[in-house]
Amino acid sequence: MQVLQQVLFAAALAVAAFIITKRVKYIAQAINLGRPEDRSDNPGERFKIMLLVAFGQKKMFTNLTVALMHLVIYVGFVIINVEIVEIILDGLLGTHRLFAPYIAPVYPYLINFFEILAFGVLAVCVVFLSRRYLTRVNRLQAATNEELRPRWPLLDATLILVFEIVLMIAFLSWNASDSVLRDRGVGHYGELKGVVPDFLISQYLKPLFTGLSDGTLVGVERATWWFHILGILFFAGYVTYSKHLHIGLAFPNVYFSDLVPKGEMKNMPSITREVQLALGIEPTGGEPILADGSQANENGTPPSDIGRFGAKDVPDLSWVDIMGALSCTQCGRCTAACPANMTGKKLSPRKIMMDTRWRAEEITTNRQKHGNDYDDGKSLLGDYTTVEEINACTTCQACVNACPVNINPLNIILQMRRFKVMEDAQAPASWNAMFSNVENNMAPWKFSPSDRFNWAEQVND
Amino acid sequence: MTTEKTYSVPTMADMMANGDTPDILFWVGCAGSFDDRYKRVTIAFVRILNHVGIKFAVLGPEEACTGDPARRAGNEFLFQMQAMANIQVLNGYNVKKIVTACPHCFNTLKNEYPDLGGQYEVIHHSQFLQQLINEGRVKPQDGQPFKGRKITYHDSCYLGRANKIYEAPRDVLESLDADLVEMKRVKANGLCCGAGGAQYFKEPEPGKKDVNVERAQEALATGADTIAVACPFCMTMMSDGVKNQNREDTVKVYDISELIAQGQGL
């Protein structure tokens, strides 16, 4: 029986490892759909920002209560997972609380700490569920947020919270049933009698189990132990499909986030080259654009994939944008801060990030199934995000500022605008008029450039 | 005007012809040159520059749109054409330091021209005014017209979030000895006026409300009789928003430099 459990456990671990490895590769492939962009600069500053924003959750603290609750789940997640080491070793070696005899003086304190955190996680998950379904925090409601109307996003959010609650109950019940078995001196459980005391939270659950026979109790102890560890392995795989991927990707996403001022738009060196040539200036860099509109590399030969001005689809974006989309946990702080969204326009920065993720996953799955050249005829702009959405943006950067993990929805919006204007040659008529004024009158309005200095005549009026 | 003083606006071309160089170039911007309301801001700032004896110059007819609205609307080619032409003019005059009253010009000149060969020290007029006040070159006058009056300041996105300039305009307003009251959403959380990203140059997309009305309501809720701005587009949007709420008779929108000029009797 014991050996069978060990074999089953090793098999479960192997399956989980296999699935998770496959999923990590899938995610890496999705991120690598994007264009290359160098973010190897300023490692010291990047590390500091990662410590503050990702590890220290600095931007969460604009709302202290929510920040503290999120912190409980986060610390609980990280620290309770220390206990996983012992659980995994117990499972593989067929031992029971392997570490307890070796670190007997501190062991109860450790488990007590885990239990406090587990209880905290449980309580916060209940509060978070009630924020969704009872107090109905606006940014979490499908009624007011179009992007939450498909079934998956809210189901995903609810599943995670319920799952965390169930896992924590399993953890506490396991400790409680184990304590009762220890009290009774049953089998190997009794060996720790006198070594391991009752634990801080689970002691209150013991009355639930004292009426059970030894056999049933061992069954409960084994069931909760197995449920807890299998649940965690399942969760690790599930996370890769879920908005909860942020627990891992938030760190690299913050590390590689933009360091330049929020108002700065990325330059397009290929255009700089063309403009310099047009103005008779020696080109300072960039790759020449070939007759067919594609960009050549430094040797003047066409690149393997044809470059596009701006972004029509996910592969036209930078890998940083795609990592941002995969790091997004759909909290909606960006959308809540968006002036276009709050005044009823279709734009929602969260939807931009969700669209980017769904499309990145669709392309990745297609490529795995049908090869890298497969074209499904769909694109991010058009099939997911509409022109009406991107045209509503005031580029105010409130979304960029609001994101707790430094995602930049604005960059994706602006890349799509570049595509729309430069490749599709489509812009609202009044924008075309503005372009023409800038080009011909050196101002966005139809004034004569020679009148530009007329204001100075009024300076002594 | 009570003053007998005459104000002058030298151009870079004049300066160069006289073999002279200014300490700073005042980048007026398109709104500052053509928009009737914002021309008054340009004039107020020029009067302050004259008043404190700053050796400045403008490009005059040689100035052209920085290209900001074209770039934000997606027309990178047009932006770079504008930028490159401007950089040729600026570098031709060997310009080192630029002050501008427009946050969009400020952001573009400061953050986006360096990639295209234009390296300048660029400051916004709010920072410039703050320096003048700190150096004691602009002193609060006796009988301040602002004492006891409520002023609220609207953060421009391209000054605030874009470049983290939150305190300079507020310091300038503090010097007026007025009662500076803040709106609900300020500084990093400031609400856009609705004009940025080239929205100013087209009708808004379909929605329930205009962004400038939302912001004007927030400004009016402070009870301030003056809404201070530091951006030509915020100026128009906030003025229209106040009008939309039928409060234009009692609540005025001013640029911070106009308030300083008024305080100095210029």
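Everything numeric in this text was worked out from a predicted model, so none of it was measured. Excluded from the calculations below are hydrogen atoms, water molecules and symmetry mates; all remaining heavy atoms, backbone and side chain alike, are included. Throughout, a chain's letter reflects where its sequence line sits, starting with A, and its residues are numbered from 1.
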Open item on the list: Can a side-chain donor-acceptor contact be found between A:Asn406 and A:Ser257 if the only test is distance below 3.5 angstrom?
Closed with: yes
Cut-off 4.5 Å, heavy atoms of chain A, and the answer for B:Glu62 is neither
- Query: Mind checking whether A:Trp431 and A:Phe435 have parallel, tilted or perpendicular rings, split at 30° and 60°?
  - Reply: tilted
Exercise. Report yes or no: do A:Lys345 and A:Thr343 form a side-chain donor-acceptor pair below 3.5 Å?
Key: yes
Honestly, the part of B:Val9 sitting under 4.5 Å from a heavy atom of chain A is both
On a heavy-atom basis, the closest approach of B:Phe77 and A:Met422 is N-SD, 3.9 Å
Margin query: Working note: A:Asn408 + A:Asp258, criterion side chain to side chain donor-acceptor pair (under 3.5 Å); need CA distance, chi angles, decisive distance, verdict.
Written below: CA-CA 8 Å; A:Asn408 189 336; A:Asp258 300 308; 2.8 Å; yes
Listed by number, the residues in residues 190-201 of chain B that come under 4.5 Å of chain A (heavy atom to heavy atom) are B:Leu191, B:Cys192, B:Gly194, B:Gly196, B:Gly197, B:Ala198, B:Gln199, B:Tyr200, B:Phe201
Note: B:Ala31 and B:Pro232 closest approach over all heavy atoms is CB-CB, 3.4 Å
Under 4.5 Å to a heavy atom of chain A? For B:Gln82 that would be side chain
When the 4.5 angstrom heavy-atom criterion is applied to B:Lys39 and chain A, the contacting part is side chain
(Q) Please check: side-chain N/O of A:Arg417 versus main-chain N/O of A:Ile390, any donor-acceptor pairing under 3.5 Å? (A) yes
Distance col, row A:Met268:CE vs A:Thr272:OG1, nearest 0.5 angstrom, shows 9.0 Å
If one checks every heavy atom of B:Glu214 against chain A at 4.5 Å, the contacting part turns out to be side chain
Applying ring-ring contact (aromatic ring centres under 6.0 Å, His included) to B:Phe79 and not counting sequence neighbours gives none
With chain B, the option among A:Glu388, A:Met442, A:Arg452, A:Met416 that has the most non-hydrogen atom pairs under 4.5 Å is A:Arg452
Bottom line for B:Arg40: the part with an atom under 4.5 Å from chain A's heavy atoms is neither
*For the pair A:Lys262 (side chain) and B:Asn163 (backbone), establish whether a donor and an acceptor sit closer than 3.5 Å, ignoring hydrogens and angles.*
no
Would you please indicate if the ring centroids of A:Phe309 and A:Phe419 are separated by under 6.0 Å? no
Is the closest side-chain donor-acceptor distance between B:Gln217 and B:Asn244 under 3.5 Å?
-> no
Salt bridge (charged side-chain N to carboxylate O under 4.0 Å, His left out) filter on B:Asp155, not counting sequence neighbours, yields B:Arg170
Honestly, the part of B:Ser156 sitting under 4.5 Å from a heavy atom of chain A is neither
Ordered numerically, the heavy-atom neighbours of chain A under 4.5 Å found in residues 50-61 of chain B are B:Val58, B:Gly60, B:Pro61
Applying a strict 4.5 Å limit to non-hydrogen atoms, the region of B:Ala83 in contact with chain A is neither
The interface call for B:Asp115 against chain A, heavy-atom contacts under 4.5 Å, is both
Under 4.5 Å to a heavy atom of chain A? For B:Phe233 that would be side chain
